[in-house]
Amino acid sequence: MPAITVDDVLVLPRLPELGESTTYRPVRRLTTAPSGFEGEGFPVRRAFAGVPMTELDPFIHLDQMGEVDYAPGEPKGTPWHPHRGFETVTYMIDGIMDHQDSQGGGGTITDGDTQWMTAGRGLLHIEAPPEHLVMSGGLFHGLQLWVNLPRVAKMNPPRYQDIRGKESALLTTPDGGALIRVIAGEIAGHRGPGSTHTPITIAHVTLQPGAELSLPWRPDFNALVYVLAGRGTVGTDRRPVHLGQLAVHGPGDALRVTADARQDANTPALELYIMGGQPIREPVAHYGPFVMNTRAELVQAVEDYQAGRLGVIPAERMPHSGGEGDRP
């Protein structure tokens with residue numbers, strides 16, 4: 001996993017030692033993500049499957065994309081598709097992806113980068129591997145998280161945040177056994193670059209074999225720990241977890257995770273994607289790429305999309321224009 005790293009974690013700021021009065025969060029629910037396919041056929045794990053929406057709030061959906069090593073000609077992306085009413089946070093761990101929207105925005109994300117798209121009132125969007133990756137093949141691994149928008153922000157103008165991996169706040173544990181990348185929000189006073197409408201924290205943690213993580217966590221946030229790779233335990237009762245599992249935590253002010261002392265040969269460390277946020281506590285009406293508050297708003301979103309009010313595909317990307325093979 002070549003997402004942003006450092007040669008010596010001991011030079012990084014360290015988490016504080018937590019006192020005896022710390023209340024560690026219990027594991028409320030442990031689920032295993034089913035596998036499926038997205039877009040033009042790339043493999044995903046549906047990380048939030050089987051978890052009640054009330055326990056995910058303010059998050060809606062999480063896909064682990066890959067990890068897959070494509071042969072030449074195999075890399076796939078998505079066709080043009082609409083979004084309204086939420087944000088997509090795409091974190092590229094390994095590989096490269098281009099993105100473009102119907103308003104002229106776009107860019108490229110690669111190892112450790114995050115493309116944060118606030119869909120707001122709506123746009124059309126496409127994500128695709130660049131032509132050179134299609135030709136050569138290669139490793140592809142990332143995550144896409146959907147973050148709900150509160151009612152007052154659902155119809156805001158769309159916007160992007162292009163977050164380079166090197167912008168993430170980096171810190172470690174008191175013994176140097178972990179590398180913590182803060183993508184958004186704050187951990188122990190260290191703030192990530194992502195700007196959010198609802199208070200949330202997102203971090204990617206690499207925990208070395210046998211190491212333990214005691215992570216302070218805001219008591220008013222929920223807490224979700226997803227295993228990207230490796231094996232370990234979560235909670236003070238040390239419940240075993242492995243690749244593709246999500247641990248939903250109960251109340252408290254800290255999380256505890258331990259990496260198994262022995263990992264698989266192809267997985268040198270325990271890799272975690274940790275999310276939490278202040279619940280919005282508003283009604284959620286969800287249909288495909290639209291996340292609104294009421295069914296009537298969903299109907300309006302579909303009608304607006306069909307009428308072209310969410311944007312149109314740029315002419316140079318239409319099949320008849322000769323731009324079919326072009327990449328953003």
(message) Any side-chain to backbone donor/acceptor pair from Thr110 onto Ile96? Under 3.5 Å, distance only.
(response) no

(request) Please round to the nearest 0.5 Å and tell me the distance separating atom CZ of Arg191 and atom CD of Glu186. (result) 4.5 Å

(message) Using every non-hydrogen atom in the two residues, find where Val27 and Ala247 come nearest and quote the distance to one decimal.
(response) CG1-CB, 4.3 Å

(request) Kindly indicate whether the side chain of Gln208, heavy atoms from C-beta on, has any atom under 4.5 Å from the side chain of Val9. (result) no

(message) Under a 3.5 Å threshold, yes or no: a donor from one side chain and an acceptor from the other, between Arg45 and Thr32?
(response) no

(message) I need the minimum non-hydrogen distance between Arg25 and Pro219, along with the two atoms involved.
(response) NH2-O, 3.5 Å

(message) Are Leu139 and Asp69 packed together at the side-chain level, in the sense that at least one heavy-atom pair is separated by less than 4.5 angstrom?
(response) yes

(request) Side-chain contact test, heavy atoms from C-beta onward, threshold under 4.5 Å: evaluate it for Leu213 versus Val205 and give yes or no. (result) yes

(message) How long is the straight-line distance from CG of Leu123 back to OH of Tyr160, given to the nearest 0.5 Å?
(response) 6.0 Å

(request) Would you please classify the geometry between the His204 ring and the Tyr91 ring as parallel, tilted or perpendicular, with 30° and 60° separating the classes? (result) perpendicular

(message) Hydrophobic clusters here meaning ILVMFWY residues chained together by side-chain heavy-atom distances under 4.5 Å, can you tell me if Val182 and Phe221 are in one?
(response) yes

(request) Could you tell me whether Asp264 and Arg231 have a side-chain N and a carboxylate O separated by less than 4.0 Å? (result) yes

(message) Just verifying a value: how many Å separate Leu10 CG and Thr172 OG1, rounded to the nearest 0.5 Å?
(response) 7.0 Å

(message) Using the rule given for side-chain contact (heavy atoms from CB on, under 4.5 Å), can you reason through Gln100 versus Trp80, listing the C-alpha separation, both sets of side-chain angles and the distance that settles it, and then say yes or no?
(response) CA-CA 9 Å; Gln100 183 179 356; Trp80 285 93; 4.1 Å; yes

(request) Mind running side-chain contact (heavy atoms from CB on, under 4.5 Å) on Leu145 and Ile202 for me, showing each step along the way? (result) CA-CA 10 Å; Leu145 174 68; Ile202 303 173; 3.7 Å; yes

(request) With rounding to the nearest 0.5 Å, note down the distance linking CD in Glu87 to CD in Gln161. (result) 7.0 Å

(message) In the structure I gave you, are the side-chain heavy atoms of Lys154 and Val291 within less than 4.5 Å of one another anywhere?
(response) yes

(request) May I have all residue pairs that pass ring pair (Phe, Tyr, Trp, His ring centres under 6.0 Å) and include part of residues 229-253, sequence neighbours excluded? (result) none

(request) Run the numbers on Thr206 and Arg181 for side-chain contact (heavy atoms from CB on, under 4.5 Å), then give the verdict. (result) CA-CA 9 Å; Thr206 301; Arg181 309 164 187 85; 3.1 Å; yes

(message) Just checking Arg295: does its CZ atom have more than 12 heavy atoms from other residues, nucleotides or ligands closer to it than 6.0 angstrom?
(response) no

(request) Search all heavy atoms of Asp113 against all heavy atoms of Gly165 and return the closest pair with its distance. (result) OD1-N, 2.8 Å

(message) Tell me whether the rings of His125 and His81 are parallel (<30°), tilted (30 to 60°) or perpendicular (>60°).
(response) perpendicular

(request) Pick out which of Arg84, Met292, Met155 makes a side-chain contact (heavy atoms from CB on, under 4.5 Å) with Glu297. (result) Met292

(message) To the nearest 0.5 Å, what is the distance between CE on Met65 and CZ on Phe140?
(response) 4.5 Å

(request) Treating Ile, Leu, Val, Met, Phe, Trp and Tyr as nodes and any side-chain heavy-atom pair under 4.5 angstrom as an edge, say whether Leu224 and Val234 lie in one connected cluster. (result) no

(message) Is the distance from the ring center of Phe86 to that of His61 below 6.0 Å?
(response) no

(request) Treat each ILVMFWY residue as a node, draw an edge where side-chain heavy atoms are under 4.5 Å apart, and state whether Leu243 and Val44 are in one component. (result) no

(message) Using a 3.5 Å distance criterion without hydrogens, assess whether the side chain of Thr88 forms a donor-acceptor pair with backbone atoms of Trp146.
(response) no

(request) Please name all residues satisfying side-chain hydrogen bond (donor to acceptor under 3.5 Å, both in side chains) with Gln115, sequence neighbours left out, ordered by chain then number. (result) none

(request) Report the distance from atom CE of Met97 to atom CE of Met92, rounding to the nearest 0.5 Å. (result) 4.5 Å

(request) Report the residues that fulfil side chain to side chain contact (heavy atoms under 4.5 Å, CB included) with Ser214, sequence neighbours left out, ordered by chain and then residue number. (result) Leu18, Tyr24, Glu212, Arg256

(request) With the side chain counted from C-beta on, respond yes when Leu272 and Leu228 share a heavy-atom pair under 4.5 Å apart, and no when they do not. (result) no

(request) Mind listing the closest non-hydrogen atom pair of Arg28 and Pro251 along with its distance? (result) NH2-CD, 3.9 Å

(message) Using side-chain heavy atoms (C-beta onward) and a distance below 4.5 Å, is Pro158 in contact with Arg121?
(response) yes

(message) Quick check: closest heavy atoms across Glu55 and Asn222, and the distance to 0.1 Å?
(response) O-ND2, 3.2 Å

(request) Would you name the heavy atoms of Ala223 and Leu255 that are closest together and state the gap between them? (result) CB-CD2, 3.7 Å

(request) With the side chain counted from C-beta on, respond yes when Ile187 and Leu215 share a heavy-atom pair under 4.5 Å apart, and no when they do not. (result) yes

(request) Examine distances only and state if a side-chain atom of Ser136 and a backbone atom of His132 form a donor-acceptor pair shorter than 3.5 Å. (result) yes

(message) Show, in sequence, the C-alpha distance, side-chain angles and deciding distance for Thr196 and Thr201, and conclude whether the side-chain contact (heavy atoms from CB on, under 4.5 Å) test is met.
(response) CA-CA 9 Å; Thr196 69; Thr201 294; over 6 Å; no

(message) In the structure I gave you, are the side-chain heavy atoms of Pro58 and Met275 within less than 4.5 Å of one another anywhere?
(response) no

(message) Would you say Ile280 ends up clustered with Phe290 if hydrophobic residues are merged whenever their side chains have heavy atoms under 4.5 Å apart, either directly or through other cluster members?
(response) no

(request) Test salt bridge (Lys or Arg N to Asp or Glu O under 4.0 Å) on Arg46 and Asp63 and set out the steps. (result) CA-CA 5 Å; Arg46 308 288 193 191; Asp63 274 346; 2.6 Å; yes

(request) Could you tell me whether a side-chain N or O of Ser102 sits under 3.5 Å from a main-chain N or O of Leu124, the two making a donor and an acceptor? (result) yes

(message) Is there a path of hydrophobic side-chain contacts, each under 4.5 Å between heavy atoms of I/L/V/M/F/W/Y residues, joining Leu270 to Val248?
(response) no

(message) Main chain of Arg281, side chain of Asp57: is a donor-acceptor contact present, judged purely on distance under 3.5 Å?
(response) yes

